[in-house]
Amino acid sequence: MKILDGKETSKQIKLEIAEEVKQIIRQGGKRPHLAAILVGNDGASETYVSHKVKSCDQVGFESSLIRFDNSVSEDELIKKIKEVNDNQDIDGLIIQLPIPEHISEEKIIESVAPKKDVDGFHPINIGRMTLGLPAFVSATPQGIIELLDRYNIETSGKHCVVIGRSNIVGKPISILMSQKSKTGNATVTICHSRTKNLRKITKQADILIAAIGKQGFVTADMVKEGAVVIDVGIHRVKSNKTKTGWKLKGDVLFEEVAPKCSYITPVPGGVGPMTIVSLLKNTLLATKQK
Ligand code: NAP
């Protein structure tokens with residue numbers, strides 16, 4: 001069993017991005033600038049945003065964190081998004097999800113200018129990605145593809161089973177894996193909560209991608225010997241062994257599944273850091289496209 005080390009791979013990609021930023025500056029260009037909007041003070045969202053801001057610093061990007069209280073109205077938020085859309089200095093904009101229930105996620109996503117939508121959530125980017133046209137591909141699926149690619153994992157002709165059909169992970173990763181491309185060409189089965197005989201299907205997977213949002217859901221009896229397993233899940237569980245009082249776990253029961261795999265992503269240190277570098281890559285792309 002080998003670990004698909006997202007932490008190390010993302011470090012390498014950050015060095016590559018930082019080098020490209022230096023080159024842009026040497027040629028008289030401007031630093032890429034990512035703006036993040038955070039509504040409320042949910043602990044997990046605070047952590048994700050602070051990782052994103054820190055990563056911007058590490059590669060030489062500028063970043064702006066725009067905060068709102070939970071009570072912010074939909075109109076106020078849309079007004080700010082439009083301001084950022086028009087701000088020539090900002091290349092990419094992300095809205096940290098989830099947002100409070102009184103605000104329509106759909107309206108917020110559609111308010112972001114597609115050319116600044118570095119999260120790749122806007123219907124225009126999703127549509128273009130689906131058609132195989134140049135687009136901002138949402139960060140988590142893109143990070144998974146890049147990790148498989150950097151480890152030279154063959155996807156062509158393989159049976160890839162995706163558990164989960166969310167718009168931000170399950171659906172886009174199933175499209176990318178089946179895309180007619182060097183990093184795709186897999187035969188994809190997409191499973192969800194209404195899937196019957198889930199275990200029978202997951203056991204056929206050469207590549208199993210778990211994006212369910214249920215801690216330890218994938219157990220050893222669901223996995224074929226020698227499979228490649230990608231664990232997208234992130235769960236904070238209480239721990240008396242860490243300073244923070246919690247540690248991260250995935251959707252896969254790592255301890256029992258890992259021995260059966262040819263490759264597996266750990267949590268933490270697998271898909272999470274790859275998601276952040278994909279966001280950085282999209283921001284760099286947005287800057288270059290200007
Ligand atoms: P989501 O929107 O809650 O979607 C979960 C999916 O799992 C749904 O399609 C659901 O089916 C399916 N599901 C739930 N129970 C199931 C069951 N018993 N059998 C089969 N399918 C089942 O979640 P998400 O946003 O895709 O996120 C999934 C996980 O990834 C979460 O833990 C999240 O925190 C994590 N995540 C991590 C990253 C990262 O950077 N590593 C990024 C994004 C998300 P239905 O559609 O039928 O309800």
Side-chain angles (χ1 to χ4, degrees), residues 3-7 9-10 13-14 36 42-55 94-99 101 105-106 109 118-121 126 136-148 160-177 188-205 208-219 221-223 229-237 246-254 264-282:
I3 293 288
L4 291 169
D5 191 337
K7 198 170 167 192
T9 309
S10 68
I13 298 172
K14 278 185 187 166
D42 168 72
S45 293
E46 291 270 0
T47 309
Y48 297 147
V49 167
S50 76
H51 281 320
K52 289 169 189 174
V53 168
K54 195 170 138 204
S55 298
I94 57 168
I95 326 293
Q96 184 65 44
L97 300 177
I99 47 177
E101 278 182 6
E105 196 175 288
E106 198 183 313
I109 289 173
V118 288
D119 254 340
F121 292 165
I126 294 176
F136 291 121
V137 176
S138 79
T140 302
Q142 190 183 305
I144 295 170
I145 296 287
E146 176 124 28
L147 192 58
L148 292 171
C160 173
V161 175
V162 179
I163 322 178
R165 57 177 164 184
S166 71
N167 288 340
I168 63 167
V169 189
K171 267 186 219 162
I173 190 63
S174 52
I175 290 163
L176 292 173
M177 292 298 293
V188 177
T189 303
I190 180 160
C191 303
H192 44 77
S193 64
R194 305 291 175 94
T195 299
K196 293 213 166 62
N197 299 321
L198 182 67
R199 180 170 304 141
K200 202 171 159 202
I201 299 168
T202 59
K203 279 211 86 157
Q204 295 169 32
L208 179 63
I209 302 178
I212 312 147
K214 290 190 171 150
Q215 193 218 317
F217 182 90
V218 176
T219 46
D221 58 339
M222 295 170 73
V223 178
V229 173
I230 306 291
D231 188 353
V232 183
I234 303 183
H235 308 274
R236 282 176 177 222
V237 296
W246 49 265
K247 61 180 174 180
L248 294 182
K249 293 272 187 185
D251 283 349
V252 176
L253 205 53
F254 185 89
I264 185 167
T265 58
V267 178
V271 175
M274 292 304 294
T275 296
I276 293 186
V277 287
S278 298
L279 180 66
L280 297 175
K281 280 185 110 173
N282 277 347

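In each ligand, atom 1 is the first atom listed, and ligand 1 is the first ligand listed.
Using a 4.5 Å cut-off on side-chain heavy atoms (C-beta onward), Phe254 and Val267 make no contact. Side-chain contact check for Thr202 versus Val218: every heavy-atom pair is 4.5 Å or farther apart.
Counting protein heavy atoms only, atom 42 (C) of ligand 1 is closest to Thr140 OG1, 3.2 Å. Protein heavy atom in closest approach to atom 31 (C) of ligand 1: Gly213 CA, 3.6 Å. Among all protein heavy atoms, the one lying closest to atom 21 (N) of ligand 1 is His192 C, 3.1 Å. Among all protein heavy atoms, the one lying closest to atom 40 (O) of ligand 1 is Thr275 OG1, 2.9 Å. Here the protein heavy atom with the shortest distance to atom 14 (C) of ligand 1 is Ile212 CG2, 3.6 Å. Looking only at protein heavy atoms, the nearest one to atom 8 (C) of ligand 1 is Arg165 N, 4.0 Å. Shortest contact from atom 26 (O) of ligand 1 to any protein heavy atom: Ser166 OG, 2.5 Å. Annotation: atom 17 (C) of ligand 1 to nearest protein heavy atom, Phe217 CZ, 3.7 Å.
Residue Val271 approaches ligand 1 through these ligand atoms, each under 4.0 Å from one of its heavy atoms: 41 (N). Remark: ligand 1 atoms within the under-4.0 Å shell around heavy atoms of His235 are 32 (O).
Counting heavy atoms closer than 4.0 Å to ligand 1, residue Val169 contributes side-chain atoms (C-beta onward) but none from N, CA, C or O. Contact annotation for Ile234 and ligand 1: heavy atoms of both the backbone and the side chain come within less than 4.0 Å of the ligand. With a 4.0 Å heavy-atom cut-off, ligand 1 is reached by the backbone of Val232 and by its side chain too. Looking at Ile163 against ligand 1, only its side chain comes within 4.0 Å, counting heavy atoms.
Remark: the backbone N or O of Val169 is paired with a side-chain donor or acceptor of Ser166 at under 3.5 angstrom. Using modelled atom types, no side-chain atom of Thr9 and backbone atom of Leu147 make a donor-acceptor pair closer than 3.5 Å. Remark: the backbone N or O of Ser45 is paired with a side-chain donor or acceptor of Asp42 at under 3.5 angstrom. Looking at Asp251, its side chain does come within 3.5 Å of a backbone N or O of Ile212 through a donor-acceptor pair.
Distance check for atom 34 (O) of ligand 1: a protein heavy atom is found below 4.0 Å.
Remark: the Lys52 side chain and the Gln96 side chain contain an N/O donor-acceptor pair separated by less than 3.5 Å.
For a threshold of 3.5 Å applied to N or O pairs, the pair formed by Arg194 and ligand 1 contains no separation below that value. Any N or O atom pair closer than 3.5 Å counts here, and Tyr48 shares no such pair with ligand 1.
Closest approach of Pro266 to Leu4, counting heavy atoms only: CD-O, 3.4 Å. The two residues Gln142 and Leu176 come nearest to each other via the heavy atoms N-CD1, 4.3 Å. Considering every non-hydrogen atom in both Thr47 and Ser50, the closest pair reads O-OG, 3.1 Å.
A side chain to side chain contact (heavy atoms under 4.5 Å, CB included) with Asp119 is found for one member of Leu279, Asn282, Leu97, Thr275 and no other, namely Leu279.
Nearest-heavy-atom check against atom 10 (C) of ligand 1 across Ser193, Pro172, Gly233 picks out Ser193.
Considering CD of Gln215 and CG of Asp231, their distance stands at 10.0 Å, rounded to 0.5 Å.
Counting non-hydrogen atoms of other residues, nucleotides and ligands closer than 6.0 Å to CD of Glu106 gives a total of 12 or fewer.
The shell of residues lying under 4.0 angstrom from ligand 1, judged by heavy atoms, excludes Gly170. At least one heavy atom of Ile168 sits closer than 4.0 Å to an atom of ligand 1. Contact between Gly272 and ligand 1 is present, with at least one heavy atom of the residue lying under 4.0 Å from the ligand. Not a single heavy atom of Gln215 sits less than 4.0 Å from an atom of ligand 1.
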